[in-house]
Amino acid sequence: MQTLNQALFIFFAVLAVASAILMVTRRNIVHSAVFLITTLLSTAGIFLLLEAEFLFIVQIILYVGGIMVLFVFVIMLVNLDVSMRQVQFNRQWFVAGALSLVLALQFLFAIWVGRGALHLHGTDMQIAPKNTEAVADALFSHYMLPFEIASILLLVAMIGAVVMAKRRVG
Amino acid sequence: MGHLIPPSIMPFVLPVVYAVVIVAVLPLLAGYIVLMERKVMADMQARLGPMRVGPHGLLQPIADAVKLLLKEDIIPDKADRLMFWFAPLVSVTMALLAYSALAIGPAFQIADLNIGLLFILAVSSLGIYGIVLGGWASNSHYSLLGALRSAAQLVSYETAAGLALISVLLLAGSLSMKDIVQAQSDQGVWFGFSVPFGFFIYLVGSIAETNRAPFDLPEAESELVAGYMTEYSGFRWSLYFLAEYANMVIVAGIATTLFLGGWLRPGARYHEHIPGTGIEWLDALPALLTLGVALYSLSLAPKQPVKIQKIVMVLVAVLCLGVAGILAGALFAPPAVMQGIHGAFWFMAKVFAYIYAFLWIRFTFPRYRFDQLMRLGWRFLIPLALVNVIGVGVAIVLRQQLAWGPIVSLIPTTLGTLGVAMFLAKDDAPTVAAHLVDGE
Amino acid sequence: MQRLKARFGDAFREASLDRKQAIALIAVEQLREISRYCRDEEKFDMLVDLTAVDWPKREKRFDVVLNLYSFAKNERLRLKAHAGENEPAPSVCEIWPAANWMERECYDMFGIVFEGHPNLTRILLPDEWQGHPLRKDYDILKQDTDWVRENLGIESGQ
Amino acid sequence: MGSGKSGNRERAVAAHNGHERMSNEHTIKTISGMDSVNATVLGADEIILNMGPQHPSTHGVLRVKLKLDGERVAGSECIIGYLHRGVEKIAEHRSYQQFAPYVDRMDYVAAVSNGLGYCEAVEKLLGTEAPPRARVVRTILTELQRIASHLLWLGTHALDIGALTPVFYCFREREEILKIFEKYCGARLTTHAFRIGGLQYETYDGFEEDTRRFCNDFAHKIDEYETLLTENRIWVGRTKGVGILNAADAIALGVTGPVLRASGVKWDLRKALPYAAYDQYEFDIPTRGTGDTYDRYVVRMEEMRQSRRICLQAIENIPTGPIMARIGKVLKPPPGEVYHSIEAPKGELGYYIVSDGTTQPYRVRVRPPSFINLQAFDKMAKGSLIADVVAIIGTIDIVLGEVDR
């Protein structure tokens with residue numbers, strides 16, 4: 001079982017990184033959207049490997065099934081050829097390059113420092129067996145208040161969106 | 001056979017076998033559902049339906065499949081090749097993936113996930129990409145409009161269907177398909193009866209989710225020609241077609257498991273059934289039914305005009321006899337085996353009954369306009385589903401606190417939901433009586 | 001008929017009865033005023049038909065024929081006006097919107113220009129078609145051969 | 001990826017943001033004039049959607065250019081002429097009898113009533129009248145043709161709106177009527193059933209029984225359609241308030257027939273100016289108030305019932321006697337003109353025939369109800385949705401053979 005888990009983990013990790021890179025470099029927006037979806041799916045795969053199936057499901061339904069659908073909607077409706085014509089890389093690419101270099105160095109440093117703790121066989125960490133129940137209990141018992149506040153916030157956001165849309169159309 | 005396969009792969013063998021069986025059977029099943037649809041449509045419209053290929057058109061699906069494979073596979077010139085090839089693939093894989101959690105019989109299930117239902121919902125919600133990307137890739141005005149419309153429709157009706165399922169989960173208590181059916185068997189009542197509104201909303205939601213019948217706007221022939229499928233032809237089109245029918249079977253499967261008691265025989269009291277103390281007549285029903293079909297097809301065999309059709313008819317009769325034999329044999333087998341075989345039969349019977357309801361609705365109702373469709377979804381179904389969930393919740397509290405019986409506690413809440421439904425429906429669509437009066 | 005004659009005098013050329021159907025011959029210049037009068041005072045509120053007949057031998061070759069019908073009086077009246085070859089006839093579109101397409105068809109078939117018409121283009125034949133088929137001098141076998149060659153890519157059928 | 005790929009994005013999306021480029025306009029260059037006008041006139045995000053001429057639901061070769069503001073129809077223009085055969089020009093080179101079969105080809109769905117209109121017009125020109133027996137048989141056949149035409153309208157109209165079943169029921173009944181026509185005059189669709197001056201054939205024996213059998217079982221058949229559609233909430237939702245045409249606009253636009261009656265104008269040529277044998281039978285004229293698609297549906301269903309009533313009354317006493325008036329083989333009507341119109345299933349079908357004394361008519365002008373009713377399409381379609389456009393085309397009940405002539 002051990003080798004299978006590891007093999008899957010490596011597969012998902014490589015997939016995630018590769019599609020992330022591909023997403024950034026594509027010229028055609030729809031292709032980059034699809035690669036974003038593959039990234040999200042591979043992270044969901046990793047959740048599953050960690051036996052956090054509730055997160056796996058939420059990741060798929062929420063991110064890929066919900067938010068990304070709206071992304072693709074917007075991509076189709078927005079007027080593409082104008083943005084196509086604008087020059088993709090304006091003159092500040094030099095500054096951008098330098099900054100990303102600095103960031104890369106920091107990442108490397110962090111990995112180098114923590115190399116001791118990082119061992120690949122992370123899958124046998126013990127998480128509460130029944131993931132869904134565990135999440136539910138935590139959510140509705142200890143973190144009741146934040147949960148309610150979050151839901152009200154979402155409600156307000158939804159109503160706001162509808163009102164804005166109505167005014168534009170009306 | 002167990003020692004032949006190294007232990008580390010052992011848990012994967014049975015699911016793989018089941019998966020292969022399902023993926024092989026599915027295209028055939030989809031083909032025969034198409035034939036069933038055309039036959040049912042025909043006799044509803046006072047005509048015969050396909051009679052030419054094979055006796056009573058029984059070989060029609062094979063002919064369709066061959067035709068689709070031989071057809072030229074056109075890609076529109078300026079279409080986005082990668083996406084054009086990728087889109088139907090997405091919708092088919094998502095449709096097939098959903099089968100992994102479906103429990104056809106007590107034994108016949110690829111993977112008994114403890115989040116079975118949620119997994120199927122998640123995967124079917126990914127099916128939208130196949131449609132949306134397909135519409136975009138074929139780079140034609142009509143298919144883009146069709147794709148956008150169907151995406152909007154799917155998203156809005158999924159919420160309604162999801163809420164309907166939640167109301168059942170409150171009663172079932174678990175997400176795994178097997179436990180849900182077990183709960184229905186323990187409570188001795190099918191959830192379809194205890195949560196009628198949940199069943200109704202899910203029925204409407206599932207029709208909309210598979211783009212069928214009054215909600216088949218995306219490929220409404222009259223305005224958008226064929227919606228997102230316009231530019232597809234040949235094998236690619238058949239992939240979409242297969243995905244649609246696979247979705248239909250999944251949706252029917254979910255409805256059967258949740259509302260019609262999965263593989264339970266009507267009035268099943270499995271735990272009281274003591275083997276060998278006389279067979280309840282209901283158990284014999286499956287065997288008798290298939291026997292009847294076998295005899296009927298035998299009687300039809302001589303009347304077939306063409307010799308080859310006679311042979312095929314006889315083959316069909318022999319096949320039915322075989323199935324009847326198995327079902328009858330299972331009666332005397334140990335209960336586990338009997339449950340397995342009969343369970344599968346009852347499950348398939350209910351699935352086909354559900355699909356028949358799909359077809360029935362499809363041929364009686366005209367098509368909804370897009371804004372009416374959306375209005376029905378958002379202003380009628382989703383609020384009703386919310387009220388239904390609250391109703392079931394209240395019923396459960398009543399049962400636990402005041403210890404009312406399972407049925408007694410559900411009655412008041414269902415009536416409450418009925419009241420809300422009447423209120424919502426009042427202003428939604430113009431009531432029929434109103435406009436018959438004016439103008440007369 | 002007498003009221004019409006009294007009202008318009010010289011513009012009202014001649015009244016006749018053919019097969020028990022009233023026909024009023026009027027001057028083409030007053031067509032619009034007479035039509036307005038018929039609709040408002042005489043209650044001919046429906047323009048049933050507007051068409052033209054080609055009499056090549058006459059100097060004013062075209063007859064513009066308007067068939068009117070009055071719901072109130074359940075009566076029909078036919079107004080006829082003689083119009084010359086390239087002499088524009090007044091359009092009655094504002095009085096009866098029904099005339100819109102009928103006038104376009106007359107222009108398409110006869111070449112009568114109705115001035116005051118909102119969108120006088122050919123309605124049945126392609127826009128670049130030369131010639132007006134329903135004229136007597138337009139032979140039945142004749143075709144706008146160059147349009148056919150250019151658009152359909154075949155030598156004309158004849 | 002290069003510009004090739006984005007090029008097609010541009011073209012597809014260009015249609016989105018309004019500056020209209022008729023990319024697929026390669027066949028008939030009829031609308032070159034239209035392009036320049038539209039490009040400037042269009043507002044922010046209006047797109048031009050082309051429906052037809054090969055669109056499944058435009059009842060023939062009608063092409064509709066829709067100016068869309070999102071889903072709503074901002075404006076529309078019908079482009080016709082694809083089926084123009086120059087019937088009126090041919091008429092000037094045919095004798096009166098030779099032209100009769102052409103008349104059936106115009107409104108090919110209701111050929112019998114076309115024939116009736118033409119024959120009666122020429123008889124008026126000649127100053128003669130068909131004998132009573134001929135007039136009664138003509139009335140029966142015309143009313144049967146009206147039912148057949150309305151059945152075809154109901155079937156295709158329901159099919160456009162999505163109800164798959166009624167079309168087969170309607171065609172089953174229509175088949176019965178076509179059988180009667182076939183037995184009577186050998187043809188089902190373009191029947192050329194009547195001759196100038198009366199009838200060519202005596203009614204076959206069993207004509208009365210067939211018609212009576214059809215009328216009797218048609219009664220509960222029509223109730224069958226009613227149960228399928230009238231009470232159907234989706235059908236009502238799709239037709240109520242769609243394509244409204246009020247009475248004033250209807251009269252101004254010269255609209256006639258069921259469309260006019262649905263807008264509340266109680267006018268039917270069979271009652272106002274009776275012809276053939278209509279004055280001998282009593283039937284009433286259905287009208288409705290608001291003039292939307294649902295009212296037109298109810299009016300036409302009611303008309304089918306009234307036609308059935310007329311047929312039943314007519315069969316009771318078909319007078320005996322000659323079936324052909326005494327007119328010579330060669331018809332030379334005195335010079336002059338006549339305008340005669342009948343109530344065809346689509347509306348008032350008129351014939352304006354000018355004769356110069358020779359055997360060939362000098363000018364035959366046909367007043368086509370579909371052509372003039374179609375003119376009201378733009379007023380009905382403005383402000384509706386794309387799905388309604390299909391319903392509106394269906395409810396006007398046009399036949400392109402008659403529109404283009």
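Chain identifiers are assigned alphabetically (A, B, ...) following the order of the sequence lines, protein sequences preceding nucleic acid strands; residue numbering begins at 1 within each chain.
Here the OH atom belonging to B:Tyr368 is positioned 13.5 Å from the CD1 atom belonging to D:Ile161, to the nearest 0.5 angstrom. Taken from OG1 in B:Thr364 to CG in D:Asn232, the straight-line distance is 7.5 Å, to the nearest 0.5 Å. Taking CZ from B:Arg47 and CZ from D:Phe171, the interatomic distance works out to 12.5 Å, rounded to the nearest 0.5 Å. Atom CZ of residue D:Phe168 and atom CZ of residue B:Phe363 lie 9.5 Å apart, to the nearest 0.5 angstrom. Atoms CZ and CG, from D:Arg72 and B:Asp371 in turn, are 7.0 Å apart once rounded to the nearest 0.5 Å.
Between chain B and the residues D:Leu229, D:Leu228, D:Leu385, D:Val167, the most heavy-atom pairs under 4.5 angstrom are made by D:Leu385.
In this structure, the portions of B:Arg369 lying under 4.5 Å from any heavy atom of chain D include both its backbone and its side chain. For D:Ile234, the parts sitting under 4.5 Å from any heavy atom of chain B are the backbone and the side chain alike. Neither the backbone nor the side chain of D:Val299 comes within less than 4.5 Å of any heavy atom in chain B.
Looking only at side-chain heavy atoms (C-beta outward), B:Gln45 and D:Arg172 stay at 4.5 Å or farther from each other.
For B:Lys71, the NZ atom sits in a loose shell: 12 or fewer heavy atoms of surrounding residues, nucleotides or ligands are nearer than 6.0 Å.
A donor-acceptor distance shorter than 3.5 angstrom exists from the side chain of D:Arg238 to the backbone of B:Arg367, with no hydrogens or angles considered.
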